[in-house]
K.L.:
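Can you keep this structure in mind? I'll have questions shortly.
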Amino acid sequence: MDEKKEENEVQGLNFIEAEVAKDLEEGRNNGRIQTRFPPEPNGYLHIGHAKAICMDFGIAKKFNGTCNLRFDDTNPVKEDVEYVDSIKEDIQWLGYQWQNVYYASDYFQQLYDLAIRFIKEGKAYVDEQSAEQIAAQKGSPTVPGTNSPYRDRSVEENLKLFQDMTDGKVEDGKMVLRAKIDMASPNMHFRDPIMYRIITTHPHHRTGWKWKVYPMYDFAHGQSDYFEGVTHSLCTLEFEVHRPLYDWFIDQFADSDYRPKQREFNRLNLTYTVMSKRKMLQLVKEGLVRGWDDPRMPTICGLRRRGYTPESIHDFVYNKIGFTKYVGLIDMSVLESCIREDLNKRANRVCGVVNPVKLVLTNYPDNQEETVQMENNQEDENAGMRDVPFSKECWIERDDFMEEAPKKYFRLTPGNEVRLKGAYIVKCTGCKKDENGNVVEVYAEYDPLSKSGSGTPESNRKIKGTIHWVSVKHALEAEVRLYDRLFSCENPGEDKERDFHEMLNPDSLKIVKAYVEPSLANAKALDHYQFQRIGYFNVDPDSKPGALVFNRTVGLKDSWAKIANK
RNA sequence: UGUUCCUUGGUGUAAUGGUAGCACAUCAGUUUCUGGCACUGCUUGUCAGGGUUCGAAUCCUUGAGGAACAACCA
């Protein structure tokens with residue numbers, strides 16, 4: 001019985017959750033669960049961070065623990081408050097709330113005192129070689145390193161020199177504090193890792209000019225976890241090699257059985273985009289995108305502006321990609337299917353014509369107009385109906401007319417009938433072309449008895465094709481931004497041969513003039529819609545009444561395009 | 001020729017010694033006043049060899065392939 005129950009509990013847990021469950025069961029750290037999300041405030045959060053956020057906050061939620069936000073702000077050269085604010089905003093938008101906000105810089109004094117203790121115990125020394133010399137002595141993964149000539153200084157000398165570093169008496173780069181461990185260790189991270197370096201050129205965004213020495217990641221992260229009482233320090237796979245050092249540092253000074261546990265999971269890689277901060281920064285700095293929140297960026301703010309919902313991202317992370325130790329590459333189509341699924345339920349349907357051509361109903365009275373009713377969302381029974389004006393001339397998609405159509409083309413072509421969504425059945429009679437052969441107007445005759453919902457036998461006729469439309473007289477002009485993948489190759493981050501710029505998709509953004517139905521006049525920023533038969537769109541923050549701007553979040557699946565391409 | 005980690009359909013992920021399943025993608029249908037949604041069905045998989053076992057994707061072993069690590073970055 002008990003065995004059965006245990007099995008059920010382990011079901012559906014990823015490997016990290018399973019380990020946490022086990023720790024809990026064994027009473028590790030008094031049954032306490034505490035995690036942290038530790039971003040460095042040197043860039044905007046991206047979808048890969050969203051995965052880590054779901055893990056860190058999700059574990060705390062699932063096991064009744066707490067999760068804190070801790071900024072890993074140990075390098076003032078790169079960090080800035082600008083990023084602190086955006087990071088907080090993005091986490092909350094994703095639907096998570098931290099227990100406390102902490103900063104690694106909160107622990108600068110504590111870390112410093114600990115460094116002094118290491119020196120006094122003969123476990124750290126001041127090295128005054130150049131970065132190049134130190135690197136040369138490190139050896140390589142296959143060749144052991146050699147000891148620094150300064151490795152065996154006296155405690156007193158080390159203490160004095162570290163004090164000089166602290167007091168700003170030493171120039172940047174002239175001295176570092178290193179842990180004295182093992183220059184021959186097969187793990188490179190044990191070859192006397194640097195604990196402190198001197199930075200006097202930049203003020204810290206929180207401590208100003210107070211400190212001249214700053215701790216390195218390996219000496220700051222694990223210790224911060226320990227000071228805070230973190231029980232599970234979850235991070236990505238590249239830190240796996242750091243784990244023995246993480247444990248080593250803590251073992252040197254821990255005074256109880258409590259131990260934080262670092263565990264690693266795979267980071268997210270997505271096709272047709274890049275996730276490295278360096279490359280994203282390059283995209284922004286070089287103006288290759290319009291900013292960190294450009295809807296083509298994989299940033300949280302970019303996805304938000306693009307029309308992604310927190311729910312869709314959560315579904316993607318938890319139910320679609322999972323957490324493992326295998327470094328894979330997720331197809332963008334998986335993310336796209338998540339947002340389609342979410343928006344299918346919540347986005348109201350509207351008519352928007354993105355590539356317009358005029359349709360004239362030759363037998364419809366010239367000045368007549370009328371109102372037809374359309375369902376807002378047939379996937380949501382509470383969504384209701386709306387009125388849409390109809391008249392003799394309508395904008396329709398260029399793609400919905402072909403003078404000479406192939407088989408299985410169910411749209412307008414001379415002699416063929418289609419249903420104008422929510423209105424009438426019309427029969428195509430021809431078109432007008434300009435001197436270059438471009439279609440400028442399409443002609444059709446409507447069947448007055450076929451009005452949708454009228455219940456007449458004519459209205460109930462089965463017509464193979466239904467197209468959307470917007471009355472010319474009532475149409476609102478809108479700017480529509482059609483986004484496509486940012487890169488034209490699957491894994492731009494991996495391709496070291498080709499230049500980054502060459503791999504960019506030149507058609508990642510197309511801006512078009514579109515016509516939308518008048519109900520959209522007061523659409524608010526970030527509102528989601530489905531432009532029927534076209535795709536999901538949301539209102540860009542640039543949008544204003546009278547100057548509407550829409551972003552294409554993602555297109556609808558288009559099985560006609562597949563047939564047509566064959 | 002070091003250390004650590006990884007390898008299940010095209011992609012990602014389940015199966016925790018006992019029926020290899022799911023999602024996305026693909027293909028073929030049904031349905032449809034969205035060529036959407038929904039529904040049905042097809043195809044495709046345990047990296048290789050050896051061992052333990054009544055039974056192995058799972059445990060052991062050898063090999064192959066891949067990743068991370070040589071920043072005064074995190």
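When reading the values below, keep in mind they use all heavy atoms of this one structure, side chains included, and skip hydrogens, waters and symmetry mates. Order of the sequence lines fixes the chain letters, A, B, ..., with proteins taken first and strands second; residue numbering starts at 1 for each chain. Owing to the predicted nature of the structure, the values given are computational and were not obtained by experimental measurement.
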K.L.:
Using a 4.0 Å heavy-atom cut-off across all strands, classify A/K462 as base, sugar-phosphate, or nothing.
P.N.:
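Sugar-phosphate: the residue A/K462, judged by heavy atoms under 4.0 Å, touches backbone atoms but no base.
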K.L.:
OP1, OP2 of B/A74 versus side-chain N and O of A/R267: anything below 4.0 Å?
P.N.:
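It does not, given that no N or O in the side chain of A/R267 lies less than 4.0 Å from OP1 or OP2 of B/A74.
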K.L.:
When all nucleic acid strands are considered with a 4.0 Å heavy-atom cut-off, which category describes A/Y196: base, sugar-phosphate, or nothing?
P.N.:
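Nothing, no heavy atom under 4.0 Å.
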K.L.:
Examine distances only and state if a side-chain atom of A/T35 and a backbone atom of A/D56 form a donor-acceptor pair shorter than 3.5 Å.
P.N.:
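Checked: pair present.
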K.L.:
Do the side chain of A/H189 and the base of B/A70 come within less than 3.5 angstrom through a donor-acceptor pair of N or O atoms?
P.N.:
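Under the 3.5 Å cut-off, the side chain and the base do not form any donor-acceptor pair.
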K.L.:
Have a look at A/F323 and say if it touches a base, only the backbone sugar-phosphate, or nothing, with a 4.0 Å heavy-atom cut-off.
P.N.:
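The residue A/F323 makes sugar-phosphate contact but no base contact.
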K.L.:
Using a cut-off of 4.0 Å on non-hydrogen atoms, how would the nucleic acid contact of A/Q532 be classed: base, sugar-phosphate, or nothing?
P.N.:
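Touches a base.
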K.L.:
Counting any heavy atom closer than 4.0 Å, what does A/V176 reach on the DNA or RNA strands: base, sugar-phosphate only, or nothing?
P.N.:
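Counting heavy atoms under 4.0 Å across all strands, the contact made by A/V176 includes a base.
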K.L.:
On the six-membered ring of A/Y103, is A/R206 placed so that its NZ or CZ lies under 6.0 angstrom from the centre and within 45° of the ring axis?
P.N.:
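Here A/R206 passes the 6.0 Å and 45° test against A/Y103.
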K.L.:
Once hydrogens and angles are ignored, does a donor-acceptor distance under 3.5 Å link the base of B/G36 to the side chain of A/Q378?
P.N.:
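Answer is no: no donor-acceptor pair is held.
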K.L.:
Find which nucleotide of RNA chain B each of A/L237 and A/E79 is nearest to by heavy atoms, and output the residue with the more 5' nucleotide.
P.N.:
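With A/L237 and A/E79 compared, the 5'-side residue is A/L237.
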K.L.:
Choosing from B/U3, B/C33, B/G12, which nucleotide comes nearest the side chain of A/I321?
P.N.:
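Of B/U3, B/C33, B/G12, B/G12 is nearest to the side chain of A/I321.
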K.L.:
From the list B/U4, B/C73, B/C33, which nucleotide is the closest neighbour of the side chain of A/N75?
P.N.:
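Selected nucleotide (nearest to the side chain): B/C73.
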K.L.:
Return the set of residues passing ring-ring contact (aromatic ring centres under 6.0 Å, His included) with A/H189 (not counting sequence neighbours), or none when no residue passes.
P.N.:
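Checked A/H189 against ring-ring contact (aromatic ring centres under 6.0 Å, His included); matches are A/H242.
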K.L.:
Given B/A14, B/A74, B/U34, which nucleotide is nearest the side-chain atoms of A/Y217?
P.N.:
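In terms of side-chain proximity for A/Y217, the closest of B/A14, B/A74, B/U34 is B/A74.
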K.L.:
So A/Q129, base contact, sugar-phosphate only, or nothing? Heavy-atom distance under 4.0 Å.
P.N.:
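It contacts base atoms.
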K.L.:
Base, sugar-phosphate alone, or nothing: which one does A/N266 contact when heavy atoms must sit under 4.0 Å apart?
P.N.:
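The residue A/N266 makes sugar-phosphate contact but no base contact.
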K.L.:
Students often get this wrong, so: under 4.0 angstrom with heavy atoms, is A/K277 touching a base, only sugar-phosphate, or nothing?
P.N.:
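The answer is nothing, as A/K277 stays clear of every strand by at least 4.0 Å.
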K.L.:
Output the rounded distance in Å from CZ (A/F265) to P (B/C5).
P.N.:
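Interatomic distance, CZ of A/F265 to P of B/C5: 18 Å.
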K.L.:
Reading RNA chain B from 5' onward, which residue's closest nucleotide shows up sooner: A/R533 or A/S333?
P.N.:
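The residue closer to the strand's 5' end, by nearest nucleotide, is A/S333.
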K.L.:
Do the side chain of A/E397 and the main chain of A/V354 share a donor and acceptor less than 3.5 angstrom apart?
P.N.:
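Yes, the answer is positive, given that a donor and an acceptor are paired below the 3.5 Å cut-off.
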K.L.:
Taking a pair as Watson-Crick or G-U wobble with both distances under 3.5 Å, which nucleotide is matched to B/C37?
P.N.:
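For B/C37, the partner nucleotide comes out as none, under the 3.5 Å rule.
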K.L.:
So A/W211 and A/Y112, would you call those rings parallel, tilted or perpendicular, with 30° and 60° as cut-offs?
P.N.:
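Tilted: the ring planes of A/W211 and A/Y112 meet at 30° to 60°.
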K.L.:
Touch check for A/L420, heavy atoms < 4.0 angstrom, all strands: base, sugar-phosphate only, or nothing?
P.N.:
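Nothing, no nucleic acid heavy atom in range.
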K.L.:
State which of B/U7, B/C69, B/A74 makes the closest approach to the side chain of A/Y326.
P.N.:
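Between B/U7, B/C69, B/A74, the one nearest the side chain of A/Y326 would be B/U7.
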K.L.:
Once you apply a heavy-atom cut-off of 4.0 Å, does A/T74 come out as touching a base, just sugar-phosphate, or nothing?
P.N.:
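Sugar-phosphate only.
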K.L.:
Looking across every strand, which nucleic acid part, if any, lies under 4.0 Å from A/G453 by heavy atom: base, sugar-phosphate, or nothing?
P.N.:
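The answer is base, as A/G453 lies within the cut-off (heavy atoms under 4.0 Å) of a base atom.
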K.L.:
Looking only at side-chain atoms of A/L556, point me to the closest of B/G12, B/G36, B/A74.
P.N.:
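Among B/G12, B/G36, B/A74, the one nearest the side chain of A/L556 is B/G36.
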K.L.:
Determine which nucleotide pairs with B/U52, using a 3.5 Å limit on both distances of a Watson-Crick or G-U wobble pair.
P.N.:
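Pair assignment: B/U52 / none.
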K.L.:
What is the separation between atom CE on A/M216 and atom C1' on B/C72, rounded to the nearest whole Å?
P.N.:
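Value for this atom pair: 6 Å.
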K.L.:
Is the Lys NZ or Arg CZ of A/K51 less than 6.0 Å from the centre of A/F323's six-membered ring, within 45° of the axis?
P.N.:
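Geometry flag: set, cation within 6.0 Å and 45°.
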K.L.:
What is the separation between atom CG on A/L161 and atom P on B/C72, rounded to the nearest whole Å?
P.N.:
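Roughly 19 Å, once rounded to whole Å.
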K.L.:
I need the NZ-P distance between A/K557 and B/U34, as an integer number of Å.
P.N.:
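Nearest whole value for this atom pair: 16 Å.
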K.L.:
What is the ring orientation for A/F249 with A/F219, classed by angle as parallel under 30°, tilted 30 to 60°, or perpendicular over 60°?
P.N.:
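Taking A/F219 first and then A/F249, their aromatic rings stand perpendicular (interplane angle over 60°).
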K.L.:
Look at atom NZ of A/K261 and say whether more than 12 heavy atoms of other residues, nucleotides or ligands are closer to it than 6.0 Å.
P.N.:
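Atom NZ in A/K261 is packed in, count exceeds 12.
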K.L.:
How would you label the contact of A/T324 with the nucleic acid (heavy atoms, under 4.0 Å): base, sugar-phosphate, or nothing?
P.N.:
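Sugar-phosphate, no base atom in range.
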K.L.:
What integer distance in Å separates A/R349:CZ from B/U32:C1'?
P.N.:
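After rounding, the reported distance stands at 13 Å.
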K.L.:
Please work out if A/F410 contacts a base, only the sugar-phosphate, or nothing of the nucleic acid, heavy-atom cut-off 4.0 Å.
P.N.:
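Here A/F410 touches the bases of the nucleic acid.
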K.L.:
Would you call the rings of A/Y217 and A/F239 parallel, tilted or perpendicular if under 30° counts as parallel and over 60° as perpendicular?
P.N.:
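Tilted.
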K.L.:
Write down the distance separating the P atoms in B/A14 and B/U3, rounded off to the nearest Å.
P.N.:
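29 Å, rounded to whole Å.
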K.L.:
Which of these, A/R411, A/R461, A/K427, A/K464, sits in a salt bridge (Lys or Arg N to Asp or Glu O under 4.0 Å) with A/E417?
P.N.:
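Looking at A/R411, A/R461, A/K427, A/K464, the match for A/E417 under the salt bridge (Lys or Arg N to Asp or Glu O under 4.0 Å) is A/R461.
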K.L.:
State which of B/C24, B/A74, B/C69 makes the closest approach to the side chain of A/S337.
P.N.:
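So the nucleotide nearest the side chain must be B/C24.
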K.L.:
Nearest whole Å is fine: how far is B/A74 C1' from A/Y103 OH?
P.N.:
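After rounding, the gap between these two atoms is 17 Å.
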K.L.:
Roughly how many Å is it from CG in A/N269 to P in B/C6, rounded to a whole number?
P.N.:
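Result: 18 Å.
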K.L.:
Using a heavy-atom cut-off of 4.0 Å across all strands, would you classify A/E379 as base, sugar-phosphate, or nothing?
P.N.:
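Base contact - A/E379 has a heavy atom under 4.0 Å of at least one base atom.
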K.L.:
For A/N14 and B/C22, give me the distance from atom CG to atom P, rounded to whole Å.
P.N.:
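The distance from CG of A/N14 to P of B/C22 comes to 21 Å, rounded to the nearest Å.
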K.L.:
Is there a donor N/O on one and an acceptor N/O on the other, under 3.5 Å, for the side chain of A/R411 and the base of B/G35?
P.N.:
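Such a pair is found, so the answer is yes.
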K.L.:
Of the listed nucleotides (B/G12, B/C72, B/G36), which one gets closest to any side-chain atom of A/N344?
P.N.:
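Nearest listed nucleotide: B/G36.
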K.L.:
Short of 4.0 Å, heavy atom to strand atom, which residues of residues 134-141 of chain A count as contacting RNA chain B?
P.N.:
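Heavy-atom contacts with RNA chain B come from A/A135, A/K138, A/G139, A/S140, A/P141.
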